[in-house]
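Along the sequence shown, residues are numbered consecutively beginning with 1. Heavy atoms only: backbone and side chains are in, while hydrogens, waters and symmetry mates are out.
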Amino acid sequence: MKILANDGISELGKQHLEENGFEVIVVKVAQNQLINYINQNDINVLLVRSATKVDKNIIDGCPSLKLIGRGGVGLDNVDIEYAKSKNIHVINTPVSSANSVAELVFAHLFSGARFLHDSNRNMPLEGDTQFNQLKKLYSNGVELRGKTLGIIGFGRVGQAVARMAIGLGMNVIAYDPNVKEADIELPFFDGRTISFLVKTIEKEEVLKQSDFITINSPIQDVYIIDSEEFELMKEGVGVINLARGGVISEEALIEALESGKVSFAGLDVFENEPTPSIRLLMHPNVSLTPHIGASTIEAQDRIGTELAEQVVSLLK
């Protein structure tokens, strides 16, 4: 069987598949050429990340496909129900990247709380001539310890964020319509563990009580955070989005940043990828990364291995 890893796969994952008799093609095929490539090469398995969209047209146009795999948590770029209606397996890797995404959440939190994003822009330009002025500008940071972190979306990523927040001494509250409670287990270097039970509450209460809010939910039909939600938040709240572009109204976010309702935002995803709003990119109170939440060496190895194991299990 032939596998097209259109958005790449780790060497460990590729090796595991090849050891089990699969031919793995690691090449980037443009979206509009994907159907022709799959048919010309008789591809049976299509593995993607977030870049490639697997919609009804591709599913209908590629009768050789037996399995579609998405490396990562979400499946919003794959038409799952239609694929299943055509007897095509659909798999993803919800566990593999959770820790990497959660760590980037805290990279943005620390960056915003201590102005690192703006300091790193201005120090190379003015650090040698305006050192004392910059020192004064960035001297009103806040600690995360003792603050309340609101988590919207309490699946695997949200729970990984909670684990790190508790370890930092933060108060954690969460909202998820599909999760009532979760045991958050903190493992330590010496083998000991401590568990904390976190029960989810209403979304409105999370918005009202939180000093910082992180969104870890899949995209919905409407914005999860829009003007009405920003109105409910505390003055000076910090907002982090590593979920999907489109879960937050970027227009409403810019208004909230300009008014001071939101003191800073951390964004890894955008409504118009790969051409984000220039107003967000240039805003001094926004910490920015280019959709790299799961892009660590460790996560890519785990994702590739987990995908490979599922493919082997289902097709051999």
Can you sort out the partners of A243 under side-chain contact (heavy atoms from CB on, under 4.5 Å), two or more places apart, ordered by chain and number? I215, N241, V247
Side chain of T200, backbone of K180: donor and acceptor closer than 3.5 Å? yes
Does the distance from a Lys or Arg side-chain N to an Asp or Glu carboxylate O, for D190 and R192, drop under 4.0 Å? yes
Using residues 262-271 as the side-chain source, report each donor-acceptor pair under 3.5 Å to any protein atom, sequence neighbours left out, with the distance given to one decimal.
unit_1	atom_1	unit_2	atom_2	d
S263	OG	G236	O	2.9
S263	OG	V237	O	3.4
D268	OD1	T289	OG1	2.7
D268	OD1	H291	N	2.9
D268	OD1	I292	N	2.8
D268	OD2	I292	N	3.0
D268	OD2	G293	N	2.9
E271	OE1	Y223	OH	2.9
E271	OE2	E250	N	3.0

For the hydrophobic clusters of this structure (ILVMFWY residues joined by side-chain heavy atoms under 4.5 Å, transitively), does one cluster hold both L65 and Y37? yes
Taking only residues at least two apart or on different chains, which pairs with a member in residues 206-231 satisfy salt bridge (charged side-chain N to carboxylate O under 4.0 Å, His left out)? K203-E229, D211-K234
State which residues pass salt bridge (charged side-chain N to carboxylate O under 4.0 Å, His left out) with K2; sequence neighbours excluded, sorted by chain then number. none
Show your working on side-chain contact (heavy atoms from CB on, under 4.5 Å) between L4 and N41 and close with a plain yes or no. CA-CA 9 Å; L4 172 61; N41 292 276; over 6 Å; no
Between T52 and N6, does any side-chain donor sit less than 3.5 Å from a side-chain acceptor? yes
More than 12 non-hydrogen atoms from neighbouring residues, nucleotides or ligands closer than 6.0 Å to CD1 on I297, yes or no? no
Applying a strict under-4.5 Å side-chain criterion to I, L, V, M, F, W and Y, I'd like to know whether V179 and L149 cluster together. yes
Please give me the minimum heavy-atom distance between A162 and F154, naming the atom from each residue. CB-CE1, 3.8 Å
N-O pairing of R279 and E251 below 4.0 Å: yes
I would like to know whether E181 and V198 meet side-chain contact (heavy atoms from CB on, under 4.5 Å); could you show each step before the answer? CA-CA 5 Å; E181 61 182 38; V198 178; over 6 Å; no
Please say yes or no: joined through hydrophobic side-chain contacts below 4.5 Å, possibly via intermediate residues, are M164 and F110 part of one cluster? yes
Any side chain to side chain donor-acceptor pair (under 3.5 Å) pairs touching residues 148-174, not counting sequence neighbours? T148-N171
Donor-acceptor pair, S195 side chain versus E185 backbone, under 3.5 Å? no
If hydrophobic clusters are built by linking Ile, Leu, Val, Met, Phe, Trp and Tyr wherever their side-chain heavy atoms come under 4.5 Å apart, do L116 and V239 end up in the same one? no
Please answer whether the main-chain N or O of S111 pairs with a side-chain N or O of H117 as donor and acceptor at a distance below 3.5 Å. yes
On a heavy-atom basis, the closest approach of S50 and R70 is CB-NH2, 3.9 Å
Is the number of heavy atoms from other residues, nucleotides or ligands within 6.0 Å of NZ (K261) greater than 12? yes
Would you check if there is a donor-acceptor pair between the side chains of E19 and Q15 at a distance under 3.5 Å? yes
Name all residues meeting the side-chain contact (heavy atoms from CB on, under 4.5 Å) criterion together with D79; count only those two or more places apart in sequence or in a different chain, and write none if there are none. K56, I59, Y82
Where is the tightest heavy-atom contact between F196 and I166, given as atom of each residue plus distance? CE1-CG2, 3.7 Å
Pairwise side chain to side chain donor-acceptor pair (under 3.5 Å) hits with a residue in residues 86-102, at least two apart: S96-E306, N99-E103, S100-T296
Any donor and acceptor pair, going by atom type alone, linking the side chain of S139 with main-chain N or O of K135 inside 3.5 Å? yes
Checking E81 now: which residues fulfil side-chain contact (heavy atoms from CB on, under 4.5 Å) with it, not counting sequence neighbours? none
Ignoring hydrogens and angles, tell me if any N or O in the side chain of K316 forms a donor-acceptor pair with the backbone of N20 under 3.5 Å. yes
For P218, is there any backbone N or O sitting under 3.5 Å from a side-chain donor or acceptor partner on Q220? yes
Donor-acceptor pair, side chain of S259 and main chain of A256, under 3.5 angstrom: yes
Which atom pair, heavy atoms only, marks the closest approach of V142 to R114? O-CD, 3.8 Å
Once side-chain contact (heavy atoms from CB on, under 4.5 Å) is applied, do any residues pair with I201, and if so which ones, sequence neighbours excluded? I173, E205, V206, Q209
Closest heavy-atom contact between I58 and L34? CD1-CD2, 3.6 Å
Answer yes or no: are there more than 12 heavy-atom neighbours, outside K199 itself, under 6.0 Å from its atom NZ? no
Which residues, ordered by chain and number, are linked to L12 in its hydrophobic cluster, where ILVMFWY side chains connect at heavy-atom gaps below 4.5 Å, directly or through other members? none
For E204, give me all partners under side-chain hydrogen bond (donor to acceptor under 3.5 Å, both in side chains), at least two apart in sequence or on another chain. none
Indicate yes or no for a side-chain donor-acceptor contact from T275 to the backbone of N272 under 3.5 Å, with no hydrogens or angles considered. yes
Which atoms form the tightest heavy-atom contact between G155 and D176, and what is the distance? N-OD2, 3.8 Å
What's in the same ILVMFWY side-chain cluster as V312, cut-off under 4.5 Å, chained through other members? M1, I3, I9, L17, F22, V24, V26, V45, L47, L67, I91, I303, L307, V311, L314, L315
Please determine whether residues L207 and L253 belong to a single hydrophobic cluster, defined as Ile, Leu, Val, Met, Phe, Trp and Tyr linked transitively by side-chain heavy-atom distances below 4.5 Å. yes
Derivation and outcome, side-chain contact (heavy atoms from CB on, under 4.5 Å), residues V29 and V27: CA-CA 6 Å; V29 181; V27 63; 4.0 Å; yes
